[in-house]
Amino acid sequence: MFSRHQFPAAVNDVADWLAASDYHKTGAVRVAHYGSRAEWWLDFSGLGYPIEAVKISLKREFPAIPCELFVAPKHCLALPHVEEDGRVCLASTPRPEDYTSPTAAVAATLDQFCKQLLQKSNDLLWIEREFHRERASYWNRFNLQAEKARGARPPPRLTFVDVDSFDSWMEGCIAAYVRASSKRQRIAVQVITPKGGEPEALAKRHSWAKGTFIRGNAIFIRLPEAQLWTPTTWPRTFQEIVSLASSATGGDLCLETWLGSLARAAHTGQAANNKVVLGQQPLLVAFALGTELYGYQLSPPPVSILETLHVTPVIIHRIDPQWVFARDHASSVIDQRLSKRVLLLGCGSLGCQVAEVLARSGVGKIDIVDMDIFNGPNVSRHVLGMSAVRTGKALTLAARLTNEIPRIAVQGFGDTAQRWVLEHCKPGKYDLIIDCTADSGVRQFLALNRARVFCAVPIVHAWVEPFCAATHVVASTLDSPWPETDPVDPKVSAATYPASTKVQLPACSDGFHPYSSADIMQAAGFCGERIISIIDRTLVDSTVWSYVRSQAFFDGLGIPGIKTNPIVPNKGMPSDGNSMTRRLVDLLK
């Protein structure tokens with residue numbers, strides 16, 4: 001095994017290898033610093049490539065981490081795979097044989113460099129294709145360079161955009177915020193929605209609305225799919241942006257005309273209510289190519305908005321549902337989920353995580369009902385933490401999901417499941433009812449009232465047995481419902497448990513079954529996966545899904561009086577278990 005104490009020996013091996021190799025003929029120069037790293041420069045100036053030298057750098061962790069190669073920083077954005085400091089990024093990874101032969105590790109890295117960059121560095125077509133293939137990464141580097149340039153105007157620190165797909169071009173509106181502590185009046189956050197949207201409300205929802213509020217305007221332009229987006233094609237002046245916008249829209253959009261209309265609107269109508277003159281308002285032009293948005297902040301001079309504008313590139317963060325929930329993958333599934341309305345009864349240790357799974361999967365409307373108050377010991381297996389102590393679970397969880405996840409509507413209600421359903425539910429209001437209360441009374445109530453209150457909507461009951469020994473998801477249709485007799489045991493359950501398994505607390509009917517956050521997370525994942533499948537596809541047949549731990553798990557509890565049922569697998573370690581799917585009608589026979 002190689003250790004850092006062998007680093008000097010590895011450096012000597014590499015130095016000897018370089019001296020005996022063909023690279024020595026180019027004039028290798030060694031600069032060694034044994035305390036932290038060792039470095040060599042290889043001179044390639046006589047070979048006719050744009051790269052005239054490369055530096056080999058070995059850190060003391062070498063070869064646990066690969067050796068690094070550096071070229072002149074000027075090659076950043078002139079050649080692909082070169083970062084701001086000149087580091088060459090070719091995705092090298094350490095190999096087992098590097099520990100016994102450090103020279104082989106350096107040789108492999110140099111060989112990769114020569115074949116994948118140096119020998120292709122005169123091929124202009126390859127350069128353009130590589131830049132375009134990883135265009136988002138290089139655009140980020142371009143933004144960093146532009147921000148560090150002398151005299152540069154600082155771009156907004158964060159730009160969030162929530163717009164759906166569009167053709168050709170569309171207008172947008174901006175809610176921007178400048179912190180009082182900003183000496184250069186730099187925008188801290190700007191939020192952009194389509195024209196007529198509510199960017200200010202979106203900023204408040206996600207706690208971005210801090211500082212002086214300024215309204216602004218944006219315009220989005222879709223580029224043809226064949227458009228190259230590389231350092232040689234990026235617009236760098238306002239006139240180049242105007243030209244690209246006109247070309248991309250077939251002459252339909254003239255940015256000067258758009259800016260002129262904004263200038264006229266600044267003196268009349270709603271725009272006149274701005275506290276900031278138009279020349280100081282944020283203006284953004286964003287080009288859409290594939291799934292990405294590339295932005296330019298326009299800074300007009302205060303005298304006339306139609307004078308030459310200053311252009312600052314901007315990194316844009318998309319927060320629309322198609323990107324946030326699926327990165328533009330399976331858009332039809334996300335659209336369908338966004339249209340769904342779900343009622344979740346109970347947000348304890350299981351229900352809270354089911355709510356999070358639903359929200360992060362893009363379910364559009366979630367109403368959460370739970371009358372309980374969050375207390376300190378809940379922290380061990382709930383998604384809420386100490387900041388939520390002595391608050392209503394449902395309201396606090398809903399507020400948290402609303403703040404953290406865009407576009408979806410989550411509301412919390414502090415009430416009993418029975419009273420809330422009777423007072424607020426009617427057929428057609430929801431697409432799915434989920435009961436995570438683990439309360440036999442709630443299951444019976446829903447069975448007795450589902451036809452009148454919910455009609456044909458599927459109902460899901462999800463619960464865990466003591467110690468999370470088993471997890472069950474019962475999904476039923478109106479034609480094959482869960483009966484009011486609530487036949488959990490022995491029809492569904494993995495075991496029956498003596499009353500002593502519940503830890504009693506010195507309060508009326510208060511107690512708990514011990515299990516860990518890892519146990520309930522596993523159970524929530526099992527439940528969430530099956531609930532999402534019901535949301536994505538119509539439930540045709542009433543079904544019971546169960547995950548049951550092995551007999552070894554029950555034996556390991558060391559609690560007398562637990563009687564396991566036949567569905568408990570006899571084989572396996574205590575951490576093992578079986579998943580099973582059963583038809584509800586078969587269980588009820």
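What you see below is based on every heavy atom in this structure, not just the backbone, and it leaves out hydrogens, waters and symmetry mates.
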[Y] six-ring centre to [X] NZ/CZ under 6.0 Å and within 45° of normal:
{"X": "Arg530", "Y": "Phe526", "result": "yes"}
{"X": "Lys210", "Y": "Tyr177", "result": "no"}
{"X": "Arg222", "Y": "Phe287", "result": "no"}

Listing, residues 322-330 side-chain donor-acceptor contacts under 3.5 Å, not counting sequence neighbours, or none:
| from | atom 1 | to | atom 2 | distance (Å) |
| --- | --- | --- | --- | --- |
| Gln322 | NE2 | Ser331 | O | 3.3 |
| Gln322 | NE2 | Asp335 | OD1 | 2.6 |
| Asp328 | OD1 | Arg318 | NH2 | 3.0 |
| Asp328 | OD2 | Arg318 | NH1 | 2.7 |
| Asp328 | OD2 | Arg318 | NH2 | 3.3 |

So, [X] and [Y]: side-chain donor and acceptor under 3.5 Å apart, yes or no?
{"X": "Asp519", "Y": "Ser516", "answer": "yes"}
{"X": "Asp555", "Y": "Gln551", "answer": "yes"}
{"X": "Glu97", "Y": "Tyr99", "answer": "no"}
{"X": "Arg37", "Y": "Ser57", "answer": "yes"}

* To do: Answer with yes or no after comparing the ring centroid distance for Trp169 and Phe220 against a 6.0 Å cut-off, counting only values under it.
  =>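 Centroid distance Trp169-Phe220: not below 6.0 Å, so no.
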* Would you confirm whether the ring centroid of Tyr515 sits within less than 6.0 angstrom of the ring centroid of Phe467? =>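 Aromatic pair excluded; centres sit 6.0 Å or further apart.
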* salt bridge (Lys or Arg N to Asp or Glu O under 4.0 Å) between Glu84 and Lys74, worked out -> CA-CA 8 Å; Glu84 293 83 357; Lys74 68 179 182 180; over 6 Å; no
* Asked: Got a sec, which residues hit ring pair (Phe, Tyr, Trp, His ring centres under 6.0 Å) with Phe553, two or more places apart in sequence or on another chain?
  ->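 With neighbours one apart ignored, the set is empty.
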* To do: State which residues pass ring pair (Phe, Tyr, Trp, His ring centres under 6.0 Å) with Trp258; sequence neighbours excluded, sorted by chain then number.
  =>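 Expected list: none.
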Pairwise distance [atom1]([X]) to [atom2]([Y]) - rounded to 0.5 angstrom:
{"X": "Ile192", "Y": "His317", "atom1": "CD1", "atom2": "NE2", "answer": "11.5 Å"}
{"X": "Gln190", "Y": "Ile174", "atom1": "CD", "atom2": "CD1", "answer": "5.0 Å"}
{"X": "Glu134", "Y": "Arg141", "atom1": "CD", "atom2": "CZ", "answer": "8.0 Å"}
{"X": "Cys67", "Y": "Glu39", "atom1": "SG", "atom2": "CD", "answer": "12.0 Å"}
{"X": "Ile214", "Y": "Ile187", "atom1": "CD1", "atom2": "CD1", "answer": "6.0 Å"}
{"X": "Ser45", "Y": "Leu47", "atom1": "OG", "atom2": "CG", "answer": "7.5 Å"}

How far apart are the closest heavy atoms of [X] and [Y], and which atoms are they?
{"X": "Ala355", "Y": "Leu397", "value": "CB-CD2, 3.9 Å"}
{"X": "Pro574", "Y": "Arg549", "value": "O-NH1, 4.3 Å"}
{"X": "Asp536", "Y": "Arg337", "value": "OD2-NH2, 2.7 Å"}
{"X": "Arg236", "Y": "Pro231", "value": "NH2-O, 2.8 Å"}
{"X": "Leu79", "Y": "Ser121", "value": "CD2-O, 3.8 Å"}
{"X": "Leu350", "Y": "Ala524", "value": "CD1-CA, 3.7 Å"}

Would the number of heavy atoms belonging to other residues, nucleotides or ligands and lying under 6.0 Å from [atom1] of [X] be above 12?
{"X": "Arg129", "atom1": "CZ", "answer": "no"}
{"X": "Lys204", "atom1": "NZ", "answer": "no"}
{"X": "Asp85", "atom1": "CG", "answer": "yes"}
{"X": "Arg157", "atom1": "CZ", "answer": "no"}

Short question: side chain of [X], backbone of [Y] - any donor-acceptor pair under 3.5 Å?
{"X": "His206", "Y": "Trp208", "value": "no"}
{"X": "Asp16", "Y": "Asp13", "value": "no"}
{"X": "Gln185", "Y": "Val178", "value": "no"}
{"X": "Asn217", "Y": "Leu284", "value": "no"}

* To do: Could you check Arg400 against Glu404 for salt bridge (Lys or Arg N to Asp or Glu O under 4.0 Å), going step by step and ending with a plain yes or no?
  => CA-CA 6 Å; Arg400 175 183 180 274; Glu404 297 295 338; over 6 Å; no
* To do: Would you mind telling me which of Phe238, Phe142, Trp139 makes a ring pair (Phe, Tyr, Trp, His ring centres under 6.0 Å) with Tyr296?
  =>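 With Tyr296 as partner, ring pair (Phe, Tyr, Trp, His ring centres under 6.0 Å) holds for just one option, Trp139.
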* Asked: Taking Thr230 as the fixed residue, which of Arg135, Glu128, Glu130 is the one that meets the side-chain hydrogen bond (donor to acceptor under 3.5 Å, both in side chains) rule?
  ->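 Result: among Arg135, Glu128, Glu130, Glu128 is the only option passing the side-chain hydrogen bond (donor to acceptor under 3.5 Å, both in side chains) with Thr230.
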* Begin from the C-alpha positions of Asp320 and Arg407 and carry the test salt bridge (Lys or Arg N to Asp or Glu O under 4.0 Å) through to its verdict. => CA-CA 7 Å; Asp320 56 283; Arg407 194 67 78 93; over 6 Å; no
* Take Gln119 and Tyr49 through the test side-chain contact (heavy atoms from CB on, under 4.5 Å) and record every step on the way to the result. => CA-CA 8 Å; Gln119 294 170 8; Tyr49 296 117; 3.8 Å; yes
* Val163 vs Thr193 side-chain heavy atoms within contact, under 4.5 Å -> no
